[in-house]
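No hydrogens, no waters, no symmetry mates; every other heavy atom, side chains included, goes into these values.
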Amino acid sequence: MKRTFYFIAVLALGITACNKDQIQTPAEEPAAPGTEAPIYHFSIPASLGNEANTKAVTLGESTINSTFANTDKVYVFIEGKGSNAGKLATSHNGEDAATYLTPSNINGTSCDLTGALKFYYKNNDALAPYTPAEGDVVNLYYNMTYPSNMDMSYFYYRMQNGSKNQDIYSEIFGSLSLESQGASAYDFAMAKMKVTGVTGNGTDGYSLTMVQYDDETKSNVHFEKLGSMFRQRLTFTDKNGDAIAVPTINNLTVRFEGGNFIVGQYWPFSPYGPYYQSPTLPIKNPIISAEGDLYLALMFIDANKNRPLVLEATDNQGNVYSVTKAAPAGGFENGKYYYGSATLAWQKCILPTVTGTSATPVNGCFTITENPFNFTISGNSEGYNFKLPEGHGGTITLDNLTASRDDSPIIEQNINDPNADVSLVLTGTNSITASFDGILVYGNLKLSCTGTSATLTVTASSVGSCGIKGHNYRSDGVPGVSYNELYTTTELDVSSMLAATGYSVIRSARTDHTDGSYTWTYTVTPKNP
């Protein structure tokens, strides 16, 4: 059952509602910016109905307590229709602060919503008064976080941080900016009404009478929650299946198995339509309580409501844990509170084993400082790269490494110094996948191996690099250096360019993939094994 709550409402100056055929005050063209708008007095008898659980929720509790509070806020936004067609208005103080209605005379699930609001045109004429007229659509947003002082064009579920109610700010150019919010900031509802009468005068103020937008026989305001709230108590198990303490999670991804959900929305003011969809909700450095409590706000699409929900977490040691939760009977529904538990089981470790350097990863990057460097990378690496020091070289051993990163090479050196030679020693079978180049150095890159042979398979998004690039092995057209003959699509002996003394290097034929990426395999063998 969809959880809703009701405001039984007549907007008036102590007068009764007038009928929808009543003659209205004609809409006026916007006055010059800075002109004060007339006051509209609101006094709204309000009560929560039997299905009032959408106000949501006292997060973290197994029961829901829906009562009014004097801190509640209802913002009012108007879409012009009829004589106001195409115009938009918000309620604010005529300068830069949003204004709203607030509960008074609170008695549990009943109250009066009161306030004196002034309406001003949105966008370029924000300080020009707006006069509501018959047919206008009134949007009321209950307990919604206002994203800016005078603009209400979107609401973005991706700003979550996993907490119940913590706001996180970061400093940008000397001022604090909201970075993320707890789930309670997303616990709001909305209603849509239509103006049927405007009464009063400019001296004493005006009032509006309204009916429900979808049912003109009803004058009560019907609020409906847009999304659902989750509180999941998370536990974790290691590779042996044993329970472990809640680890420090660097990244958490929430997704439907094979489908999208809604991560942003705003109507009526969004030019992009009612909703913005995404297959994932990523949360960086989620706030998870010591008990494992994670709070989320999600908005579902009916077509995907029966899909399983997947949570995947990566800790600060590169361990990946996941859990798949089946949809409840009837599917996930908006406007509900899901209170449960989930065990995330260890799946793999994506942090490679790195020896021979004191570097530790910061935001996925190992910054190497040793001169000369001599380190080994092995195991499974996803999302990590290695930035080599500028101006000098050293040795890197790849020992049965499987590595991938989307936004940069796996190994990278950013200064053009042909004397900064890099020796790449291969052990066993190695594979790297990256956007553009898998390995990019500006010194001379020389390959050797341990044992009788070793391979390096490189998949890159640019045919111009053959997957790896050095001063001695560059793309076609670079003057003064050796070309890597990238347009050769058959097997090629590249020993003269890439092989260390005493070794040979054979590059495989190029494999072209349908996604625009390309793969080459480099096989290294000693000349006299």
Side-chain angles (χ1 to χ4, degrees), residues 352 376-382 385-386 388 393 395-406 408-413 418 421-529:
T376 299
I377 317 170
S378 60
N380 185 36
S381 175
E382 295 182 26
N385 77 330
F386 296 80
L388 303 182
T395 300
I396 305 170
T397 299
L398 305 185
D399 183 359
N400 292 287
L401 172 69
T402 300
S404 64
R405 181 164 169 125
D406 291 335
S408 68
I410 305 299
I411 298 171
E412 181 179 16
Q413 190 176 47
D421 293 343
V422 175
S423 174
L424 189 67
V425 181
L426 305 181
T427 297
T429 302
N430 301 274
S431 174
I432 60 178
T433 301
S435 300
F436 305 105
D437 302 302
I439 298 175
L440 172 61
V441 300
Y442 284 100
N444 293 307
L445 181 65
K446 295 294 184 178
L447 274 60
S448 62
C449 72
T450 62
T452 57
S453 71
T455 60
L456 171 62
T457 299
V458 186
T459 300
S461 300
S462 172
V463 70
S465 68
C466 290
I468 62 178
K469 188 182 294 184
H471 183 265
N472 55 315
Y473 189 69
R474 300 295 297 270
S475 302
D476 288 350
V478 179
V481 296
S482 300
Y483 299 156
N484 61 18
E485 301 184 42
L486 59 97
Y487 294 114
T488 300
T489 58
T490 57
E491 182 178 281
L492 185 68
D493 186 341
V494 291
S495 299
S496 62
M497 290 178 280
L498 280 178
T501 302
Y503 293 86
S504 64
V505 179
I506 303 298
R507 190 184 78 200
S508 71
R510 191 183 77 203
T511 301
D512 300 353
H513 303 291
T514 57
D515 63 357
S517 63
Y518 308 87
T519 295
W520 299 264
T521 296
Y522 296 86
T523 301
V524 183
T525 57
K527 287 184 176 179
N528 298 300

query = Roughly how far, to the nearest 0.5 Å, is the CD atom of Glu412 from the CG atom of Leu388?
reply = 8.5 Å

inquiry  = For Asp421, is there any backbone N or O sitting under 3.5 Å from a side-chain donor or acceptor partner on Asn444?
reply    = no

ask   = If you look at every heavy atom in Leu440 and Pro409, which pair is closest and at what distance?
value = CB-CG, 4.0 Å

key: Residues Thr455, Thr521; criterion side chain to side chain donor-acceptor pair (under 3.5 Å); working and verdict   = CA-CA 7 Å; Thr455 60; Thr521 296; over 6 Å; no

inquiry  = I'd like to know if the side chain of Ser381 reaches the main chain of Pro352, judged simply by a donor and an acceptor atom lying under 3.5 Å from each other, with no hydrogens or angles considered.
reply    = no

task = Please report the closest heavy-atom contact between Met497 and Tyr473, naming both atoms and the distance.
result = SD-CD1, 3.9 Å

task = Look only at the side chain of Asn484 and the backbone of Arg474, and say whether a donor-acceptor pair between them is shorter than 3.5 Å.
result = yes

task = Might you work through the side chain to side chain contact (heavy atoms under 4.5 Å, CB included) test for Ser378 and Asn400, ending with a clear yes or no?
result = CA-CA 6 Å; Ser378 60; Asn400 292 287; 5.8 Å; no

request  = Starting from the C-alpha separation in whole Å, work towards a yes-or-no answer on side chain to side chain contact (heavy atoms under 4.5 Å, CB included) for His471 and Tyr442.
outcome  = CA-CA 5 Å; His471 183 265; Tyr442 284 100; 5.7 Å; no

message = For the CG atom of Asp399 and the OG1 atom of Thr429, what is their distance to the nearest 0.5 Å?
response = 10.5 Å

request  = Start with the C-alpha gap between Leu424 and Val441, add the side-chain angles, then the distance that decides, and say whether side chain to side chain contact (heavy atoms under 4.5 Å, CB included) holds.
outcome  = CA-CA 11 Å; Leu424 189 67; Val441 300; over 6 Å; no

ask   = How long is the gap from OG on Ser504 to CG on Leu447, to the nearest 0.5 Å?
value = 11.0 Å

key: Minimal non-hydrogen separation, Ile410 against Ile432, with atom names   = CG1-CB, 4.0 Å

key: Residue pair Ala460 / Gly467: nearest heavy atoms and the distance that separates them   = CB-CA, 4.1 Å

query = So how far is it from Ile377 CD1 to Thr397 OG1, rounded to the nearest 0.5 Å?
reply = 9.0 Å

message = Treating Asp437 as the side-chain partner and Ile468 as the backbone partner, does any N or O pair qualify as donor plus acceptor under 3.5 Å?
response = no

note = Nearest heavy-atom contact between Leu398 and Leu401 is CD2-CD2, 3.9 Å

query = Do Asn385 side-chain atoms and Ile411 backbone N/O form a donor-acceptor pair below 3.5 Å?
reply = no

task = Identify the two heavy atoms, one from Arg507 and one from Cys466, that lie closest to each other, and give their separation to 0.1 Å.
result = NH1-SG, 3.2 Å

ask   = Rounded to the nearest 0.5 Å, how far apart are CD of Glu491 and OG1 of Thr523?
value = 7.5 Å

ask   = With no hydrogens and no angle check, is any side-chain donor or acceptor of Ser495 less than 3.5 Å from a backbone partner on Val505?
value = yes

message = Regarding Ser435 and Ser461, do their side chains bring together a donor and an acceptor under 3.5 Å, going by distance alone?
response = no

query = Are the side chain of Asp493 and the backbone N or O of Ile506 linked by a donor-acceptor pair below 3.5 Å?
reply = no

query = How far does CH2 of Trp520 sit from OG1 of Thr489, to the nearest 0.5 angstrom?
reply = 11.5 Å

note = From the list Asp512, Thr459, Thr511, side-chain hydrogen bond (donor to acceptor under 3.5 Å, both in side chains) partner of Thr519 resolves to Thr459

task = Could you tell me whether Asp515 atom CG has more than 12 heavy atoms of other residues or ligands within 6.0 Å of it?
result = yes

request  = Begin with the C-alpha distance, continue with both residues' side-chain angles, and end with the deciding distance and a verdict on side chain to side chain contact (heavy atoms under 4.5 Å, CB included) for Thr525 and Thr452.
outcome  = CA-CA 6 Å; Thr525 57; Thr452 57; over 6 Å; no

inquiry  = Using a 3.5 Å distance criterion without hydrogens, assess whether the side chain of Lys469 forms a donor-acceptor pair with backbone atoms of Gly438.
reply    = no

